[in-house]
Protein chains: 2
Amino acid sequence: MLPVRLHPGGSEGPPPGAEAQPLQRRLGRLASLSPAEMAMIAEACRGPLRELPARGEIHPEGACPPPAALVSGWACRIRMLADGRRQIVAFLLPGDLIGRPPPCLPAPCAALALTRVLLADAQPLFAAGFTEHPPTQTGLGRALRAAELQEEVLLRDQVVRLGRQTAYERLASLLLELRQRLETAGLAQQRGFALPLTQEVLADALGLSVVHVNRTVQQMRRDRLIELRGGQVIILQPEALRSVADWQDIPGLRD
Amino acid sequence: MLPVRLHPGGSEGPPPGAEAQPLQRRLGRLASLSPAEMAMIAEACRGPLRELPARGEIHPEGACPPPAALVSGWACRIRMLADGRRQIVAFLLPGDLIGRPPPCLPAPCAALALTRVLLADAQPLFAAGFTEHPPTQTGLGRALRAAELQEEVLLRDQVVRLGRQTAYERLASLLLELRQRLETAGLAQQRGFALPLTQEVLADALGLSVVHVNRTVQQMRRDRLIELRGGQVIILQPEALRSVADWQDIPGLRD
DNA sequence: CGCAAACCTTAACATAGGTTGTTGCTGCCC
DNA sequence: GGGCAGCAACAACCTATGTTAAGGTTTGCG
């Protein structure tokens with residue numbers, strides 16, 4: 001296997017034409033979408049895309065950016081304290097949505113690209129999803145709403161991780177979250193997926209120091225729960241990992 | 001001053017007739033509301049209220065409860081790990097909203113009353129706020145949306161607290177959050193407010209042990225940043241506390 | 001009035017995780 | 001091809017916070 005660089009920094013992208021899939025797949029799972037709606041999503045992903053290199057700033061803290069969809073690459077929402085400590089509040093994966101439609105608060109976090117990233121304008125989607133019959137929304141409206149609600153669920157998971165779990169548990173939990181989300185976007189096999197994150201990035205997400213992330217990864221390898229090298233993770237014992245992390249799958253929509 | 005018990009457990013309530021104010025005040029600050037809308041809020045708070053004692057369960061984990069408004073008393077969203085560790089994900093104060101209108105995900109957290117609590121049915125409010133012209137919402141719709149967005153901001157603050165701040169900083173930050181929110185609801189004076197929380201509850205919110213919360217409170221008292229006794233807090237040096245906590249006020253609506 | 005429960009406080013000790021610093025590997029660029 | 005940058009790995013030491021256990025205080029209640 002080619003040892004892939006952890007910080008590819010803009011080298012490889014998805015095969016051309018595959019860009020639309022994560023967003024279509026994800027939204028399609030959150031609500032049943034009409035062919036017209038699927039076409040609209042594909043159109044948005046084909047439309048003029050914004051490209052940023054790794055470490056590029058998608059929007060600064062305090063901004064109120066127009067809705068965009070992450071078409072490819074990884075990003076995060078991050079907040080910095082005055083003395084330079086950083087906390088990654090959430091990871092953004094292909095198929096995730098970034099801004100919000102107009103009545104919105106200034107974002108308390110900046111959004112940063114972690115790899116090279118492609119962003120599509122999502123305004124047409126929100127316009128189509130919400131202009132119609134408000135309470136009983138159309139498929140697209142429901143899907144966008146569900147995406148928003150899921151993000152909140154992830155935030156709560158993150159709070160529990162940071163507040164009450166050990167380093168080992170936090171790492172397990174994060175890996176399971178990422179696996180499930182990537183699978184929804186069609187970017188994970190059963191047990192393995194690409195993890196283009198530095199241990200430093202993991203540390204900022206897990207509320208740990210880099211050194212301790214390293215220790216924890218080593219331990220988890222020794223315990224034969226995961227393999228992690230060259231930016232690829234393989235979950236060797238999903239059930240064991242699940243029970244370490246006290247993980248419950250992210251729920252889908254219900255009404 | 002009467003030493004108020006930390007866990008009043010149902011003794012005192014707000015003066016009769018004052019129930020409507022926190023919700024009206026809060027929503028009125030999030031968007032300008034018509035007299036009809038204000039009346040509707042007052043009506044909801046007068047309507048048949050659900051009452052729960054301290055420690056009562058407002059809704060269990062995994063539920064998808066109809067929207068309610070917290071009219072008086074304190075509550076929280078809480079999640080428990082398999083081995084009994086608990087994390088308070090958010091505090092709910094008078095004027096806060098609890099459920100969500102129908103297309104919703106099963107709540108990943110239970111909601112628990114921390115004191116005696118009164119809940120109003122908020123369904124009429126959501127119905128009135130969102131049935132109308134969808135994208136450019138009426139005042140009430142905007143206010144409800146803003147409340148939802150603010151909750152997300154609070155969650156992110158909580159993530160940063162737990163992930164990157166020390167015990168001392170976490171406590172400072174939480175006190176400032178509560179002060180601002182209570183002031184919005186009309187329940188805090190300039191520097192002081194009622195804090196009906198056990199140190200154990202604080203510990204579960206701050207991701208600390210009870211003992212360490214106690215140590216931290218002691219230290220903060222010694223530093224003359226706060227007074228805390230009998231369920232009343234007084235912030236002696238707001239600016240110092242702010243700089244310790246790296247606190248930024250919760251933003252209001254902008255579009 | 002006196003007891004019991006719930007809560008706060010303190011101390012002594014244990015440990016998860018932070019900090020600092022060094023090493024070595026890999027890919028990249030001049 | 002040598003030096004440099006970014007990253008993983010490892011060690012030694014330090015500190016914030018957790019744990020256990022014990023007393024002290026307040027409140028509520030019989």
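- DNA chain D lies under 4.0 Å from at least one heavy atom of each of the following residues of residues 206-222 of chain A: A:Val211, A:Asn214, A:Arg215, A:Gln218, A:Arg221.
- Here the P atom of nucleotide C:dT9 and the CD atom of B:Glu200 are 14 Å apart, to the nearest Å.
- Atom-to-atom, CG of A:Leu195 to P of D:dA8 comes out at 10 Å; the value is rounded to the nearest Å.
- Salt bridge present: B:Arg181 and B:Asp96 bring a charged side-chain N and a carboxylate O closer than 4.0 Å.
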key: side chain to side chain contact (heavy atoms under 4.5 Å, CB included) between A:Trp247 and A:Leu175, intermediate numbers included   = CA-CA 10 Å; A:Trp247 175 255; A:Leu175 290 175; over 6 Å; no
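- Ion pair B:Arg179/B:Asp249 not flagged as a salt bridge, since none of the NZ, NE, NH1 or NH2 atoms sits closer than 4.0 Å to an Asp/Glu carboxylate oxygen.
- The environment of CZ in B:Arg224 is sparse: at most 12 heavy-atom neighbours from other residues, nucleotides or ligands sit within 6.0 Å.
- Looking at B:Asp121 and B:Arg50, no side-chain N of the basic residue comes within less than 4.0 Å of a carboxylate O on the acidic one, giving no salt bridge.
- Under a 4.0 Å N-O distance rule, the pair B:Asp204/A:Arg164 qualifies as a salt bridge.
- Counting heavy atoms from C-beta on, the side chains of A:Asp157 and A:Val153 come closer than 4.5 Å.
- In this structure, a donor-acceptor pair under 3.5 Å is absent between the side chains of B:Arg215 and B:Gln218.
- One finds a side-chain N or O of B:Gln199 lying less than 4.0 angstrom from the OP1 or OP2 phosphate oxygen of C:dT9.
- The two atoms that bring B:Pro94 and B:Leu187 nearest to each other are CG-CD1, 3.5 Å, heavy atoms only.
- Taking atom CG of A:Leu162 as the reference point, atom C1' of C:dG17 lies 14 Å away to the nearest angstrom.
- Using a 4.0 Å cut-off on heavy atoms, none of the residues of residues 75-86 of chain B approach DNA chain C.
- For the helix from C:dT9-D:dA22 to C:dC30-D:dG1, the rotation axes defined at the first and last 5 base pairs enclose an angle of 30°, given to the nearest 10°.
- Here C:dG24 presents its C1' atom at 18 Å from CZ of A:Arg229, a figure rounded to the nearest Å.
- Rounded to whole Å, atom P of C:dA6 lies 18 Å from atom CG of B:Leu197.
- The separation between B:Gln165 atom CD and D:dT17 atom C1' is 16 Å, rounded to whole Å.
- Here B:Glu151 pairs with A:Arg156 in a salt bridge; the nearest charged N to carboxylate O distance falls below 4.0 Å.
- Between B:Leu202 atom CG and C:dA6 atom C1' the separation is 16 Å, expressed in whole Å.
- Closest non-hydrogen pair, A:Thr115 versus A:Trp74, comes out as OG1-N, 3.0 Å.
- The CG-P distance, from B:Leu228 to D:dT26, rounds to 15 Å in whole Å.
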